[in-house]
Amino acid sequence: FISVTEDTREVQYVLSYGSSGLDVEFGLRAEDGEEYFVSASGGGGSGVIDGVPAGYYELFVRNASSYPQNVWFCRYHTQR
């Protein structure tokens, strides 16, 4: 899980993946199911997810393309 504190209202991200034709949604999912996410295409993206309330979140990546494709989440790290 990822912890967002009152002092951390934005989450920076860098995302890369091998299939440049795949569109994905990437973000954080709260325990109540609320999601804070961004869309990426072309093999990756970077930026900030703003307005994330304090709490604990699960990181997710999902296929947003119109064709079937497996999405395997390999590794993440947090930076302090």
Side-chain angles (χ1 to χ4, degrees):
F1 285 89
I2 295 174
S3 175
V4 175
T5 66
E6 289 294 331
D7 297 332
T8 309
R9 301 300 290 181
E10 63 182 31
V11 177
Q12 295 180 353
Y13 68 91
V14 176
L15 173 69
S16 63
Y17 51 95
S19 181
S20 62
L22 181 66
D23 298 326
V24 300
E25 293 175 337
F26 164 82
L28 304 173
R29 183 178 299 117
E31 293 173 340
D32 66 359
E34 183 76 23
E35 294 180 346
Y36 303 88
F37 67 92
V38 295
S39 298
S41 61
S46 63
V48 173
I49 302 173
D50 284 319
V52 180
Y56 292 97
Y57 296 87
E58 176 183 33
L59 186 64
F60 72 89
V61 179
R62 70 174 157 242
N63 182 358
S65 296
S66 58
Y67 62 92
Q69 184 77 247
N70 289 331
V71 176
W72 296 93
F73 184 70
C74 299
R75 169 179 63 161
Y76 76 92
H77 69 276
T78 58
Q79 186 175 23
R80 295 177 193 244

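We count residues from 1, following the sequence as given. Source: prediction; values computed, not measured.
For the pair Val24/Leu15, a side-chain contact is recorded, criterion being any heavy-atom separation below 4.5 Å from C-beta on.
Taking all atoms of both residues into account, the shortest heavy-atom contact from Tyr13 to Val48 is CE2-N, 3.5 Å.
Taken from OH in Tyr17 to CG in Asn63, the straight-line distance is 9.5 Å, to the nearest 0.5 Å. In this structure, CD1 in Ile2 is found 5.0 Å from CG in Leu28, a value given to the nearest 0.5 Å.
Applying the side chain to side chain donor-acceptor pair (under 3.5 Å) test to residues at least two apart or on different chains, the pairs with a partner in residues 40-61 are Arg29-Glu58.
For Phe37, the ring pair (Phe, Tyr, Trp, His ring centres under 6.0 Å) criterion is met by no residue, not counting sequence neighbours.
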